[in-house]
Amino acid sequence: MNLEKPIRTDWTMDEIKSIYDQPLLELVYQAATVHRQWHQPLQVQVCTLLSVKTGGCTEDCSYCGQAARYHTDIKVKALMSAEEVISCAKRAKEAGSSRFCMAAAWREVRDNKDFDRILEMVEGVNELGLEVCCTLGMLTEHQALRLQKAGLYAYNHNLDSSEGFYEEIISTRTFGDRLNTIDNVRKAGISICSGGILGLGESHTDRMAMLLTLATMPKHPESVPINALARVKGTPLGDFPKVELWDMVRMIATARIIMPASIVRLSAGRAEMEEAEQAWCFMAGANSVFTSESGTLLVTPNPGLIQDKIMFKNLGLKPMVKEVRE
Ligand code: SAM
Ligand code: DTB
Ligand code: SF4
C-alpha cells in the first residue's frame with residue numbers, strides 16, 4: 001500500500017481527459033512512475049484462461065465469436081468435466097500461473113447441474129492454491145455467494161465500453177445489467193475483474209467514460225483487463241480495423257494512473273503484437289497477461305507458453321507469485 005497518495009474514487013471526466021490527452025511519452029512516464037509506487041514493475045501476473053463451455057451463446061455481443069447467431073467457424077463445446085478442468089489447472093500452476101480463469105459462453109448462470117459442476121471446479125482449483133476466477137455472465141447475489149463459498153477468488157465481468165455506446169454493440173442486455181452483477185459479486189466479497197474492449201467503433205470519449213465508471217466505483221476493480229478487439233470472421237465487427245498500439249498504451253497508462261493499486265491486464269490483442277509492442281504496454285503499467293495451454297484465448301489465437309517465456313526473459317519480467325490483497 002502506498003501511504004503518500006490515497007486511492008481516489010472521485011475522479012471527474014475533465015481530470016481523466018487531462019491525463020488521457022497528454023503527449024504519449026509524458027503519459028507513459030507518469031504511468032510508469034505510478035506503477036513503481038504501487039507495484040513491483042518486473043512482476044507480471046500470469047493468468048491461465050480456459051474456455052470451459054464454448055460457443056452457442058444466446059447473447060448478441062457484436063464482437064464475440066461465441067454468439068450463436070453469427071456464422072463463424074467456431075466449434076460449440078459442451079461444459080467440460082470438473083476432472084478435465086482441474087487437471088488443466090494443475091498444469092497451469094506447474095507452468096507458473098498464479099491465477100486460473102474459467103470462462104463460459106453463457107448469458108447468465110442458472111441454478112442447475114451445470115452450475116453445480118462449476119462449483120465443483122472452483123473448489124478443486126482453489127484447493128490447488130491458485131487464485132480461482134470465473135466469467136460466466138450475469139449472476140444473482142445468491143449465485144455469487146455460492147461461488148464465494150466454493151472458494152472463488154475473483155469474478156470477471158467487463159463493462160466492455162461506455163454506457164452511451166453500449167447499445168450500439170449489444171442489444172440483449174444493458175449496461176445496468178452489467179453493473180448489477182458487479183454489485184452482486186462485490187456484496188459476496190469476491191474480488192472484481194472488470195475492464196473493456198478497444199476497437200468496437202467507440203470514440204476516445206467513450207473510452208474515457210468507461211474508465212470513469214470503473215474509477216468511480218466505491219472500490220476499484222482489483223483487476224482491469226484492457227482488450228483489443230480480437231476480430232472474428234462472421235461477427236458484425238469481423239472486418240473492423242486493427243486497434244493501434246498507441247491506443248492500447250494510452251488506455252493502459254490512464255487506467256494505471258487513476259486506479260493505481262489495481263492489476264491492469266494486457267488482455268486480448270497480444271497475438272497481433274510484437275514483443276516490443278507488448279513491452280510498451282508493460283512500461284505503461286500493465287502487470288498481467290492471459291495465457292493458455294492451447295495457444296488460444298477463448299476462440300482466438302494468443303501467444304503460447306513458450307513464446308511468453310521467451311518474452312519474459314527478454315524483458316526481465318517474472319511471473320507474480322500471488323496478488324497482494326489489501
Ligand atoms: N459470457 C460471459 C460474458 O460475456 O460476460 C463471459 C465470457 S466473455 C467471452 C468475457 C469477455 O470477453 C467479454 O465481456 C468481452 O469483454 C471479452 N471478449 C469477448 N469477445 C472478445 C473479442 N472478440 N475481442 C476482445 N474481447 C472479447
Ligand atoms: C477478458 O477481459 N478477456 C478475456 C476474458 N476476460 C475472459 C477474453 C477475451 C476473449 C477474446 C476473444 C476470444 O478468444 O474469444
Ligand atoms: Fe455470450 Fe459472453 Fe460472447 Fe456475449 S461475450 S456473446 S455473453 S460469450
Side-chain angles (χ1 to χ4, degrees), residues 47-70 72-77 79 99-110 118 133-139 154-161 165-166 169-175 177-182 184-185 192-202 210 214 221 223-240 242-243 248 251-252 255 263-272 286 288-292 294-303:
C47 174
T48 293
L49 183 60
L50 177 67
S51 182
V52 297
K53 186 265 170 182
T54 310
C57 182
T58 55
E59 295 286 77
D60 72 350
C61 312
S62 48
Y63 48 78
C64 185
Q66 302 198 68
R69 65 190 73 203
Y70 309 133
T72 65
D73 295 336
I74 281 130
K75 280 204 195 95
V76 176
K77 229 175 66 195
L79 186 64
R99 179 177 286 209
F100 190 75
C101 180
M102 301 177 274
W106 285 333
R107 172 175 203 271
E108 76 237 308
V109 165
R110 302 203 173 161
I118 294 277
C133 178
C134 278
T135 180
L136 314 168
M138 291 184 264
L139 285 185
Y155 196 77
N156 168 245
H157 203 66
N158 290 337
L159 294 183
D160 290 333
S161 198
F165 191 67
Y166 202 75
I169 43 169
I170 300 155
S171 76
T172 45
R173 58 168 191 261
T174 65
F175 192 77
D177 290 331
R178 287 315 255 185
L179 294 177
N180 191 32
T181 293
I182 292 174
N184 290 339
V185 172
I192 306 271
C193 171
S194 186
I197 313 176
L198 303 194
L200 308 174
E202 75 286 352
M210 183 186 87
L214 294 168
S223 347
V224 180
I226 305 294
N227 295 273
L229 172 68
R231 295 164 297 169
V232 182
K233 265 207 189 87
T235 62
L237 310 188
D239 57 3
F240 266 35
K242 182 180 165 210
V243 173
M248 283 296 274
M251 192 72 176
I252 288 169
I263 296 258
V264 177
R265 185 172 306 117
L266 168 58
S267 304
R270 293 203 301 125
E272 291 193 82
S288 176
V289 290
F290 279 123
T291 184
S292 74
S294 58
T296 57
L297 216 39
L298 294 173
V299 294
T300 65
N302 194 52

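Each ligand, and each atom within it, is numbered from 1 in the order the structure gives.
- Residue S267 comes nearest to P225 through the heavy atom pair OG-CB, 3.2 Å, listed as atom of the first residue, atom of the second, then distance.
- Side chain of T296 to backbone of V299: no donor-acceptor contact under 3.5 angstrom is found.
- With ligand atoms numbered from 1 in the order given, ligand 1 contributes 25 (C) to contacts under 4.0 Å with heavy atoms of A268.
- Those atoms of ligand 2 that come under 4.0 Å of a heavy atom in T135, given as number and element, are 7 (C).
- Counting non-hydrogen atoms of other residues, nucleotides and ligands closer than 6.0 Å to CZ of R69 gives a total above 12.
- Annotation: salt bridge (charged side-chain N to carboxylate O under 4.0 Å, His left out) contacts of R178 (sequence neighbours excluded): none.
- For T174 against Y166, the heavy-atom pair with the smallest separation is C-CE2, 3.5 Å.
- For atom 12 (O) of ligand 1, the nearest protein heavy atom (residue, atom name, distance) is N158 ND2, 4.3 Å.
- Below 3.5 Å of separation, one finds an N or O of R178 facing an N or O of ligand 1.
- Every atom of ligand 3 is numbered from 1 in the order shown, and the set under 4.0 Å from a heavy atom of Y63 is 5 (S).
- Proximity of a side-chain donor or acceptor of S161 to a complementary backbone N or O of F165 within less than 3.5 Å is not detected.
- F290 does not carry R270 over the face of its six-membered ring by the limits of under 6.0 Å from the centre and within 45° of the normal.
- The option with the heavy atom closest to atom 11 (C) of ligand 2, from among L297, V224, T296, N156, is L297.
- In this structure, atom 7 (S) of ligand 3 is in close contact with the protein, since a protein heavy atom lies within 4.0 Å of it.
- Of all protein heavy atoms, the one closest to atom 2 (C) of ligand 1 is G137 N, 3.6 Å.
- Checked against a 3.5 angstrom limit, the closest N/O atoms of N158 and ligand 2 fall inside it.
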Is there a side chain to side chain contact (heavy atoms under 4.5 Å, CB included) between D177 and T181? Walk through the geometry before answering. CA-CA 6 Å; D177 290 331; T181 293; 5.9 Å; no
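- Protein N/O/S atoms found under 2.8 Å from atom 1 (Fe) of ligand 3, listed by chain and residue number: C57 SG.
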I'd like to know whether L49 forms a side chain to side chain contact (heavy atoms under 4.5 Å, CB included) with T291, so could you lay out the CA-CA distance, the side-chain angles of the two residues, the decisive distance to 0.1 Å, and finally the verdict. CA-CA 6 Å; L49 183 60; T291 184; over 6 Å; no
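- Of the listed residues (T235, N302, T300, T72), the one carrying the non-hydrogen atom nearest atom 13 (C) of ligand 2 is T300.
- Among V232, N227, I197, the residue whose heavy atom sits closest to atom 27 (C) of ligand 1 is I197.
- Separating the NZ atom in K53 from the CD atom in Q66 is a distance of 7.5 Å, to the nearest 0.5 Å.
- For ligand 1 and W106, the ligand atoms under 4.0 Å from any heavy atom of the residue are 1 (N), 2 (C).
- A distance of 7.5 Å separates NE2 of H157 from OG of S194, quoted to the nearest 0.5 Å.
- At a heavy-atom distance under 4.0 Å, no atom of K53 approaches ligand 3.
- Under a 3.5 Å cut-off, the side chain of D160 and the backbone N or O of I197 do not form any donor-acceptor pair.
- Distance OH/Y155 to OG/S223: 14.0 Å, rounded to 0.5 Å.
- For ligand 1, none of its N or O atoms has an N or O atom of N156 under 3.5 Å away.
- Atoms CD1 and CG, on I169 and L200 in that order, are 4.5 Å from each other to the nearest 0.5 Å.
- The closest approach between A228 and ligand 1 falls below 4.0 Å for a heavy atom of the residue.
- For atom 4 (C) of ligand 2, the nearest non-hydrogen atom of the protein is F290 CE1, 3.6 Å.
- Taking each heavy atom of M248 and A268 in turn, the nearest pair found is CE-O, 4.2 Å.
- Contact annotation for C61 and ligand 1: no heavy atom of the residue comes within less than 4.0 Å of the ligand.
- By the criterion of a heavy-atom distance under 4.0 Å, neither the backbone nor the side chain of C57 is placed next to ligand 1.
- Within the 4.0 Å heavy-atom shell around ligand 1 one does not find G65.
- From I118, atom CD1 reaches atom CG of L136 across 5.0 Å, with rounding to the nearest 0.5 Å.
- Minimum heavy-atom separation, G65 to T72: O-OG1, 3.3 Å.
- Distances between N or O atoms of A230 and those of ligand 1 include at least one value under 3.5 Å.
- Of the polar atoms of L229, none of the N or O atoms is found under 3.5 Å from an N or O of ligand 1, judged by distance alone.
- Every residue two or more places apart in sequence or in another chain that forms a side chain to side chain donor-acceptor pair (under 3.5 Å) with N156 is listed here: T135, N158.
- The distance from ligand 3 to the heavy atoms of R173 drops below 4.0 Å at these ligand atoms: 4 (Fe), 7 (S).
- What you find for P301 and A271 is that their closest heavy atoms are O-CB, 3.3 Å.
- At a 4.0 Å heavy-atom cut-off, ligand 2 touches L298 through backbone and side chain alike.
- Remark: ligand 2 atoms within the under-4.0 Å shell around heavy atoms of N227 are 1 (C), 2 (O), 3 (N), 9 (C).
- Checking only distances, S267 never comes within under 3.5 Å of ligand 2, N or O to N or O.
- One finds the OH atom of Y63 at 9.5 Å from the CG atom of L237 (value rounded to the nearest 0.5 Å).
- Contact annotation: for T135 versus ligand 1, heavy atoms closer than 4.0 Å belong to both the backbone and the side chain.
- Counting heavy atoms under 4.0 Å from ligand 1, residue L298 touches it through the side chain alone.
- Backbone and side-chain nitrogen or oxygen atoms of Y63 are examined, and one is located within less than 3.5 angstrom of a nitrogen or oxygen of ligand 1.
- The contact set between ligand 2 and P225, taken as ligand atoms under 4.0 Å from a residue heavy atom, comprises 2 (O).
- Pairs of residues two or more places apart, or lying in two chains, that qualify as salt bridge (Lys or Arg N to Asp or Glu O under 4.0 Å) and include a residue from residues 223-234 are R231-E272.
- Of all atoms in ligand 1, numbered sequentially from 1 with element shown, those under 4.0 Å from a heavy atom of A104 are 1 (N), 2 (C), 6 (C), 7 (C).
- Protein heavy atom at the shortest distance from atom 15 (O) of ligand 2 is V299 CG2, 3.2 Å.
- Judged by distance alone, the side chains of N302 and S292 never bring a donor and an acceptor atom under 3.5 Å apart.
- The contact set between ligand 1 and D160, taken as ligand atoms under 4.0 Å from a residue heavy atom, comprises 13 (C), 14 (O), 15 (C), 16 (O).
- When distances from atom 8 (S) of ligand 1 to the protein are checked, no heavy atom turns up under 4.0 Å.
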